[in-house]
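Written below as structure tokens is the structure these notes are about.
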Amino acid sequence: MQDLDYGKIGMRIRQARKAKKLTQSELAGQCGISMSFLGHIERGTRIMSLETFVNLCEALDADAGEFLWGQTRPSDSRLGYAWKQQGKSEQDSYSMYIRIMQSVAEIMNGT
């Protein structure tokens with residue numbers, strides 16, 4: 001398993017914030033954290049909770065893999081198109097999402 005490099009994660013978050021033309025104060029406010037804590041996250045000197053990470057991903061319209069590993073995913077519209085081609089419903093999509101997240105959690109916990 002790859003170790004997380006919090007310095008690189010923070011750098012990617014900073015780059016995404018700047019690309020969206022957001023100040024630290026604006027992004028911190030959207031995510032419910034202090035500007036000081038966001039600065040620590042961007043420098044890689046503090047570790048954020050999963051909830052804060054998800055909030056940052058949502059506020060910056062970014063994929064978790066983009067911040068964690070520097071890899072982007074195909075756009076949601078392309079994924080949605082591919083999924084619809086398989087005849088899957090919204091409930092199928094939600095169930096698949098839950099299974100994926102459970103698998104990720106198991107991997108992260110080393111089980």
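The figures that follow rest on heavy atoms only: side chains count, while hydrogens, waters and symmetry mates do not.
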Minimum side-chain heavy-atom gap [X]-[Y] below 4.5 Å:
X	Y	value
I41	T52	yes
I9	W69	no
K20	L27	no
N55	I33	no
Y6	T45	no

Compare every heavy atom of [Y] with every heavy atom of [X], then report the nearest pair and how far apart it is.
X	Y	answer
R14	E42	NH2-O, 3.2 Å
C57	A64	SG-CA, 3.9 Å
L60	R17	CD2-CA, 3.6 Å
H40	R46	CB-CG, 3.2 Å

Distance, nearest 0.5 Å, that separates NZ of K8 from CD of Q15:
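Reported to 0.5 Å precision, the distance equals 11.5 Å.
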From E26 atom CD to C31 atom SG, the distance as rounded to the nearest 0.5 Å
12.0 Å
Answer with yes or no whether the hydrophobic clustering places F67 together with M11; edges join I, L, V, M, F, W, Y residues whose side-chain heavy atoms lie under 4.5 Å apart.
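No.
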Quick one: do M35 and L56 end up in the same hydrophobic cluster if we chain Ile, Leu, Val, Met, Phe, Trp and Tyr together by side-chain heavy atoms under 4.5 Å apart?
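Different clusters: M35 never reaches L56 through Ile, Leu, Val, Met, Phe, Trp or Tyr contacts under 4.5 Å.
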For a side chain to side chain contact (heavy atoms under 4.5 Å, CB included) check, start with the C-alpha distance between E66 and I13, then their side-chain angles and the critical distance, and finish with the verdict.
CA-CA 9 Å; E66 188 175 335; I13 290 170; over 6 Å; no
Does one side chain, of E58 or Q30, offer a donor that lies under 3.5 Å from an acceptor on the other?
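No, Q30 and E58 have no side-chain donor paired with an acceptor closer than 3.5 Å.
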